[in-house]
Amino acid sequence: MKIRVGNDILQLKKFQATFKKCPEKFERDVFFQSELENPEISHLAGLFVAKEAVIKALDLKPGSWRLIEIKNIQSGKPVLKFKGAVAKREIATCDLSISHHGDYVMAVVVILLK
Amino acid sequence: MKTLVDILEEGRKRYSSEPAFKIKPRYRSVVWDYNEFYNCASGVAKLLEEHKLKKGGRILLWAANSPYWLAVFFGCLLKGIIVVPLHLQNRPEFILKIAKQTQTKLLFKTSAIKKPKELGIESINIDYLDDFAQKEWTFKRPLIQENDAAEILYTSGTTGFPKGVVLTHKNIVSDLKAIFEMIEVRKSDRLLSILPLSHIFEQIVDFRALVSGAQIVFAPALASSIITGTLFENKITKMAVVPEFLKLVMQRIEAEARNQGKEKKLKLLFKLSPYLARSLRKTLAKNIHQKFGGKLDLIVSGGAPLEVGVAKKWQALGINILQGYGLTETSPVISVLREKDKELASVGKVIPGVRVKIAKDDEVLVKGPIVFKGYWRDPKKTKAVFEQGWFKTGDTGYFDKDGFLYIKGRKKFIILTAAGQNVYPEDIEFELNKEKEVIDSCVVGVKIGERILLQAVLLSETKNLEKVINKVNKRLASFQQIQKWSVWPFADFPRTITRKIKKTEVLDYLTREIVPEGVKLAQKEIPPLIEILSTITNTNPALISLKTRIVKDLQLDSLMRIELVAQIEEEFGVEIDEAQITPKTRVQDLESLIKKQPKREIKHKLSSWQINPLTGIIRKILTRALVFPLFASFCQFKIEGEENLEQVQGPVIFMPNHISSLDGLSVVRVLPSRFQNRIALATATDILYEKFKPLQKIITLLLNSYPFPRVGQIKSGLEYTGKLLDKDWSILLFPEGRESPTGRPLPLKEGAGVIALEMQVPIIPVKIQGTGRILPHGSHFPKKRGQIAVKLGRPLYFQKGIEPKRITKMIEKAMKAL
């Protein structure tokens with residue numbers, strides 16, 4: 001069994017500025033429709049930073065945003081759902097944590113490979 | 001016609017509801033008829049009255065060509081106010097000087113232009129003047145006489161004190177009358193107005209069109225693709241250009257023929273053309289004509305001399321080229337070379353009512369009603385250009401035995417050689433410009449000690465031009481030999497508004513190293529990709545080269561990467577995969593990647609069949625006989641707020657909430673027939689055109705749906721919407737962008753405000769209730785019977801200049817309030 005860790009940190013202001021410049025790009029190529037149900041910028045920034053953390057943990061190609069979907073379970077805790085090629089990898093279990101503080105958003109993921 | 005005001009008044013009487021102007025700034029066309037033109041001008045007159053401007057007062061007009069420009073111009077004339085038009089490129093310092101000289105009280109400008117800080121007068125944005133066109137405004141009319149000044153045109157460039165040429169109504173009207181017969185214009189003509197109206201040449205051509213009730217079309221911008229697009233879309237018949245335009249477009253036509261292997265055919269046409277009738281030449285060059293809309297038949301060239309070879313080539317295509325010669329001081333036309341005239345090297349014959357004689361020193365002198373009275377409050381300079389009542393043009397020339405006038409060159413640029421011979425630099429430039437290595441040239445006499453050397457300054461992409469100079473020297477007379485040459489170090493020569501080279505400034509640079517204003521900026525354009533990279537990564541563009549590594553050297557993070565890919569898509573129309581940008585990727589790799597990528601075509605289009613009248617009839621029969629009765633079998637309809645549509649004229653955009661697939665049909669079902677029969681449904685491309693593709697044709701037939709992308713290239717959606725509204729089709733568009741899964745309202749897409757602002761039609765907020773229970777989100781068959789209620793709100797009007805975001809909020813509020 002192998003452990004993979006990934007983290008990332010993001011400035012909310014910067015994310016907002018980029019999102020504003022090309023919202024269509026984010027809506028089409030970064031997020032899923034389900035993720036956009038809550039269009040709040042801090043929420044989307046959290047998802048973005050979490051996806052980036054996963055990309056780092058699994059060493060995915062840049063731009064693999066739509067291979068990772070993030071859902072919130074009842075308690076509000078985010079959970080990961082993998083798609084396409086990533087879904088086929090031998091992942092035993094994984095966990096994700098997103099944190100907001102002031103202008104910063106960060107995420108940590110831990111993934112156990114079989 | 002005595003004064004220019006008569007153009008406006010007679011236009012209203014004779015052509016009242018015929019189209020006068022058309023402009024398409026973005027997605028919607030603005031068309032004014034002659035009545036609206038008059039109304040708007042009268043509104044401007046009223047506005048001037050409110051600002052307490054009196055006859056003889058001056059205003060500045062600083063804007064690109066548009067219906068608004070002409071409305072302000074004529075509005076001022078109605079009140080006897082003298083217009084001082086400014087060129088778009090004029091610098092603030094220059095404008096301040098002019099404002100001081102003419103003591104202007106008011107600045108009319110386009111909203112895109114920023115008023116210079118130091119200019120302490122009030123400014124009015126002319127692109128919001130549409131409202132004036134609605135009615136005729138009353139104002140106190142002063143008596144306008146033919147000797148009243150109409151405008152002051154500033155000619156001199158950047159150096160020294162500017163000179164203001166005062167032209168009276170009589171000056172311009174006399175010129176207009178003299179050329180009336182030479183430029184034939186019909187009511188059915190469409191003239192493209194692209195040269196600046198701040199120059200008298202475009203003015204006289206536009207006035208000529210207005211006198212005959214033609215329509216003037218304005219191009220939204222001056223990029224060559226936009227000009228050709230405007231020519232094509234509007235099937236332009238006539239236009240005025242400067243020679244450089246004809247030269248460049250001809251070069252492009254020839255290059256294209258070369259690429260398509262049709263060069264021989266084109267050359268043959270050029271050769272045979274003198275023996276062919278014009279209509280036949282036109283037929284033979286049909287492919288070329290088609291690109292210009294197929295109707296172009298007259299081009300008026302002026303402002304600078306046109307090369308004989310270029311003129312011949314255009315005529316070979318069956319296009320009538322009319323050349324004029326004149327100066328701002330002569331309102332402007334002095335002579336015209338007509339199509340039938342074979343003396344292509346001349347500037348034609350002097351127009352009726354004007355006298356021209358050649359002075360002893362060969363200078364061309366002019367007398368007649370077209371000659372201006374003087375420079376604005378500058379008797380000294382005025383006196384210097386008159387000699388016993390004759391205006392000295394500053395050009396030298398001669399007449400041939402048939403009365404054709406030939407211009408040899410500007411008097412002040414004649415170079416007197418050591419041997420005492422007069423050299424016309426224009427003759428040498430003419431020979432130089434024949435060489436393909438030379439883009440353009442400027443010959444001056446440079447004083448070195450006691451001697452004057454003939455120096456050729458060349459605009460060229462080749463560095464070593466020794467051979468070219470030797471070749472040209474062989475063709476020149478011994479006293480014309482080029483003794484020194486250099487390559488112009490900037491991207492282009494400093495030029496006047498009609499693209500003539502400013503020789504004095506070139507000489508100043510050569511002798512005193514004074515860098516001409518304006519050319520500095522043009523030195524090297526930053527390639528678009530580097531521009532994009534520089535703004536995204538906040539790096540000085542000078543530090544980015546083709547070898548720069550994008551990720552490492554520019555520290556491209558994942559957010560910047562997304563922005564980069566999005567911007568590349570917008571600028572180049574190609575999609576790049578983010579993964580293709582690796583740590584090793586250099587700028588040059590990305591560049592070739594972009595080139596290799598196929599251009600993304602717009603997949604889904606508005607088809608012309610869906611808006612043709614026959615389809616309309618079929619649609620009407622099908623919906624009334626089949627769809628609506630079927631609909632009635634499981635629901636009843638209730639409409640509220642129908643009265644809100646009564647006052648509305650022309651097309652509108654309905655914006656309902658979205659809770660079920662039945663919504664579109666429900667709204668159409670309850671609308672009054674005037675809207676029901678002429679409505680189109682904006683449909684998300686990813687749903688109708690991808691998810692439910694097999695049904696697409698049927699739904700398009702029944703509901704007249706057209707593609708509106710929710711994401712990505714939203715521009716095509718705006719273009720189609722504008723096109724439909726231009727043709728009087730109303731639009732049904734769901735501003736939430738998708739069906740609400742819960743039935744509760746979703747936040748509106750920001751595009752809603754953009755659409756309302758761009759389209760400039762009333763927005764009708766709509767509330768739909770009941771459809772969600774009958775056919776809930778996600779289901780394909782009705783679940784139960786029930787009532788559908790459609791409530792129409794009051795029409796919302798949004799003025800130009802409001803933030804789209806605020807408009808979106810206002811629409812959202814109005815929808816919620818229903």
Side-chain angles (χ1 to χ4, degrees), chain A residues 6-41 43-68 84-86 103-107, chain B residues 532 535-538 550-551 556-571 575-585 600 684-687 690-691 708-717 736-742 744 746-751 754 777-778 804-805:
Chain A
N7 75 349
D8 195 41
I9 183 162
L10 180 69
Q11 215 179 339
L12 199 58
K13 223 167 37 196
K14 277 203 174 149
F15 177 78
Q16 186 166 18
T18 311
F19 187 87
K20 252 176 139 181
K21 276 189 217 154
C22 44
E24 299 91 6
K25 174 80 188 157
F26 280 91
E27 287 174 18
R28 192 186 63 198
D29 294 335
V30 178
F31 296 120
F32 289 99
Q33 201 64 44
S34 62
E35 294 172 326
L36 289 161
E37 299 267 297
N38 176 359
E40 258 177 72
I41 207 79
H43 168 73
L44 294 178
L47 300 184
F48 183 82
V49 81
K51 287 183 184 215
E52 180 77 355
V54 175
I55 289 173
K56 281 185 185 173
L58 293 177
D59 207 12
L60 302 177
K61 277 190 201 157
S64 304
W65 314 110
R66 300 258 288 183
L67 296 178
I68 309 148
V86 186
D103 195 34
Y104 288 90
V105 190
M106 71 158 292
Chain B
I532 291 174
T535 39
I536 292 177
T537 61
N538 203 5
I550 296 168
V551 178
L556 190 85
D557 66 24
S558 55
L559 268 179
M560 293 174 184
R561 190 192 290 262
I562 290 178
E563 197 183 337
L564 176 62
V565 171
Q567 290 234 356
I568 287 174
E569 194 177 326
E570 206 177 297
E571 172 80 31
E575 260 182 279
I576 300 273
D577 189 354
E578 281 179 56
Q580 283 172 296
I581 305 168
T582 68
K584 277 187 193 152
T585 312
R600 207 168 81 150
T685 34
D686 52 321
I687 302 238
E690 279 158 26
K691 209 166 151 194
F708 200 109
R710 286 198 272 209
V711 289
Q713 292 180 323
I714 186 174
K715 223 176 112 190
S716 67
E736 292 160 328
R738 62 196 171 95
E739 248 180 72
S740 163
T742 58
R744 277 195 299 272
L746 298 171
L748 298 201
K749 298 272 263 179
E750 261 180 44
V754 177
H777 176 71
K805 242 189 181 162

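Chain A is the first sequence line, chain B the second, and so forth, proteins listed ahead of strands; every chain is numbered from 1. The structure displayed is predicted, hence computed values, not measured ones. Computation of the quantities below employed the complete heavy-atom set of this structure, encompassing side-chain atoms and omitting hydrogens, waters and symmetry-equivalent molecules.
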Mind checking side chain to side chain contact (heavy atoms under 4.5 Å, CB included) for A:Gln33 and listing every partner two or more places apart, or none if nothing turns up?
B:Arg738

Spatial distance of atom CG (B:Asp557) from atom CG (A:Asp8) [nearest 0.5 Å]
9.0 Å

How many angstroms lie between atom NZ of A:Lys51 and atom OG of B:Ser558, to the nearest 0.5 angstrom?
12.5 Å

Without placing hydrogens or testing angles, list every side-chain donor-acceptor pair under 3.5 Å for residues 13-23 of chain A, not counting sequence neighbours.
{"from": "A:Thr18", "atom 1": "OG1", "to": "A:Lys14", "atom 2": "O", "distance (Å)": "3.0"}
{"from": "A:Lys21", "atom 1": "NZ", "to": "B:Glu563", "atom 2": "OE2", "distance (Å)": "3.0"}

Flag side-chain contact, heavy atom, 4.5 Å: A:Leu10 against B:Leu559:
yes

